[in-house]
Amino acid sequence: MSEVLLEARNIGKRFGGVQALKDVSLTIRPREIYGLIGPNGAGKTTLFNVFTGLYPRDGGEVLLNGKPLSLESPHTVAAAGIARTFQNIRLFNNMTAIENVMVGRHVRTKAGVFGAILHTRAERAEEAAIRRRAEELLHYVGIADRAHSLARHLSYGDQRRLEIARALATDPILLALDEPAAGMNATETVALRALIEGLRNDGLTVLLIEHDVKLVMGLCDRVAVLEYGQKIAEDVPEVVRANPKVIEAYLGTSAH
Amino acid sequence: MMNPLKTLSRREKLGLLLIAGTLLVLPFMLATVGTAWVRITNFAVLFVLLSLGLNIVVGFAGLLDLGYIAFFAVGAYVYGLLASPHFGIHLPFWVILPIGAAVAGLAGAILGAPTLRLRGDYLAIVTLGFGEIVRIFMNNLSNPINLTNGPKGINRIDHFQIGNVNFAGTDTFFGLNFSGPIKYYYFLLVVLMAVIIINRRLKHSRIGRAWVAIREDEVAAKAAGINTRNIKLLAFSMGATFGGVAGGMFAAIQGFVSPESFILNESIMVLAMVVLGGMGNIWGVIAGAVLLSFMPEVLRYTVEPVQHALFGKMLIDPEVLRMLIFGFALVLTMRFRPAGLWPEALHRREMTENRT
Ligand SMILES: Nc1ncnc2c1ncn2[C@@H]1O[C@H](COP(=O)(O)OP(=O)(O)OP(=O)(O)O)[C@@H](O)[C@H]1O
Ligand SMILES: [Mg+2]
């Protein structure tokens with residue numbers, strides 16, 4: 001494995017008059033927890049949306065494991081190994097928790113309509129494997145007991161966990177989390193932190209957008225700071241914390 | 001999920017047994033009232049098939065399709081052209097029905113392709129247009145080559161024939177008289193069972209989950225790795241296939257097809273069946289289709305005698321009253337049960353409560 005897992009070069013994105021991203025470059029190393037912080041509207045979510053193929057970019061490129069990554073469609077990005085969660089939770093609300101996770105297995109499985117209609121041996125075996133894996137993942141994120149509840153009936157914290165389980169179901173190499181702790185209480189945040197550390201210990205690389213400065217600084221190996229669509233710092237937490245530009249733009253106002 | 005019967009409770013099994021028994025003797029009971037009722041029942045089953053097909057598109061994948069009847073038309077015309085004196089071709093039904101299904105499935109994919117980026121109202125308008133285009137084609141494809149025979153339609157379409165049993169006349173088996181409609185009824189019943197099983201299997205499959213995921217949140221579905229374009233096309237295509245099979249049987253039962261059987265009203269009627277019953281839930285959709293197929297017929301036969309008994313004369317034309325009551329019932333349902341009579345979510349809640 002190369003020293004760099006994901007490299008973004010000069011990513012640009014404009015919405016009409018708003019330059020949401022301007023020449024953003026960053027490098028994420030394998031098995032690190034990489035934090036992305038910045039004030040509201042800095043372009044963090046937009047960067048996620050570009051990385052995952054949801055928004056077309058205006059310029060720049062992304063390399064995954066040294067190879068150019070096609071950002072044309074989200075499903076090819078998922079197949080390449082980048083999974084994500086959403087800032088404003090996006091679950092399949094009228095599906096059960098386990099079905100939500102099973103959907104995440106779609107990209108790694110292949111049964112088609114004919115397999116389903118004929119209920120072939122291969123299809124049944126694959127279906128059973130999908131279910132088993134989904135059960136494991138629900139257990140992993142700690143909501144196995146809610147497997148058969150509809151997603152919309154889960155508590156807020158459990159919904160965040162379910163979204164992570166669904167993302168993990170795609171067998172990602174890079175997991176991108178958009179403010180996973182938002183709206184969580186202190187206990188839930190502690191549990192979330194343990195979960196993210198566990199993911200890293202299991203070999204995953206995590207890209208984390210988070211406003212909770214304590215969580216970011218305590219958890220991340222390196223942190224990048226965005227302001228008005230531009231990267232103003234990228235380093236280990238101690239250095240970033242001491243950076244005057246960062247203090248002025250972000251920490252000075254939100255970290256007490 | 002291996003054996004669907006295993007997951008049922010005893011009460012449900014008993015219910016199923018009762019329904020099966022009733023369905024088996026139904027045509028003979030109906031025949032004593034009048035052969036017309038067997039025919040009405042056959043058309044009701046055709047509408048159940050159509051609703052189950054549309055349910056894949058609207059109920060599972062959440063794509064509002066207002067031109068669905070076009071695929072019924074395609075199936076009907078394929079049958080009509082390949083089993084009538086029009087071209088002098090007389091293929092057996094078991095050859096034509098799969099062809100009709102395939103052609104309709106292809107038409108579904110072709111008509112679905114340009115709509116992939118559209119949602120909601122826009123999708124509804126475009127599919128409505130496509131439905132009309134197909135009908136207008138059938139109305140006009142009589143010149144310069146007479147393909148569809150225009151508004152006159154195709155006549156003297158062959159009946160089904162299995163061995164030397166022709167579905168046109170009456171046969172006697174086990175001392176019972178099986179009229180044409182009764183034979184079609186049993187055939188339709190077998191097809192219906194197959195379609196229900198296929199629907200259930202699709203629903204609990206990788207593809208079925210992808211459809212529902214797209215319905216629930218298309219962006220999240222994409223991000224979760226679903227190729228939404230292909231999976232949507234598959235929904236259009238599968239739904240259309242069901243419509244094609246139903247259309248073929250319709251052509252044979254009716255003996256003729258013409259464009260006026262495939263007007264927009266029919267698309268709306270099938271959609272109403274799906275919505276009334278409860279989108280997504282197979283049993284709800286079946287209930288909706290049965291209800292909406294029979295209600296107008298029951299009203300047709302009751303409105304007139306009731307008025308005569310009450311007022312001694314006809315005050316309101318039965319046709320007008322029929323539509324009035326029909327519309328009123330729909331409005332009431334949507335007011336008090338907006339998710340349908342037997343909606344997916346309710347069904348779901350019952351299922352999960354049983355399990356835990
Ligand atoms: N779909 C869109 N259309 C138009 N403008 C957009 C769109 N998405 C984002 N923007 C704009 O781009 C800029 C960056 O937004 P973005 O959501 O990426 O910020 P963020 O860093 O995630 O902020 P927050 O911390 O509030 O989530 C903002 O000015 C926003 O209004
Ligand atoms: Mg954001």
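Proteins get letters first, then strands, A, B, ... in listed order; numbering begins at 1 in each.
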Q) Glu127(A) and Arg209(B): salt bridge (Lys or Arg N to Asp or Glu O under 4.0 Å), yes or no, with the steps? A) CA-CA 11 Å; Glu127(A) 196 66 9; Arg209(B) 276 190 304 272; 2.5 Å; yes
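The side-chain heavy atoms of Met238(B) and Ile117(A), taken from C-beta on, include a pair separated by under 4.5 Å. No side-chain heavy atom of Arg201(B) sits less than 4.5 Å from a side-chain heavy atom of Leu118(A). Using a 4.5 Å heavy-atom threshold, the side chains of Val219(B) and Arg90(A) count as touching.
Of the atoms belonging to Leu234(B), it is side-chain heavy atoms, and not backbone ones, that fall under 4.5 Å from chain A.
Minimum heavy-atom separation, Arg215(B) to Asn94(A): NH2-CB, 4.2 Å. The two residues Asp217(B) and Leu91(A) make their nearest non-hydrogen contact at CB-O, 4.2 Å. Minimum heavy-atom separation, Gly225(B) to His106(A): O-CD2, 4.0 Å. Nearest approach of Ala223(B) to Ala78(A), heavy atoms of both residues: O-CB, 3.9 Å. Taking every heavy atom of both residues into account, Asn93(A) and Glu216(B) meet most closely at N-OE1, 3.2 Å.
Identified under the side chain to side chain donor-acceptor pair (under 3.5 Å) test for residues 232-248 of chain B, with sequence neighbours left out: Glu218(B)-Lys232(B).
In this structure, Asp121(B) places its CG atom where only 12 or fewer heavy-atom neighbours from other residues, nucleotides or ligands lie under 6.0 Å away.
Taking Arg206(B) as the reference, nothing meets the salt bridge (charged side-chain N to carboxylate O under 4.0 Å, His left out) condition, with sequence neighbours excluded.
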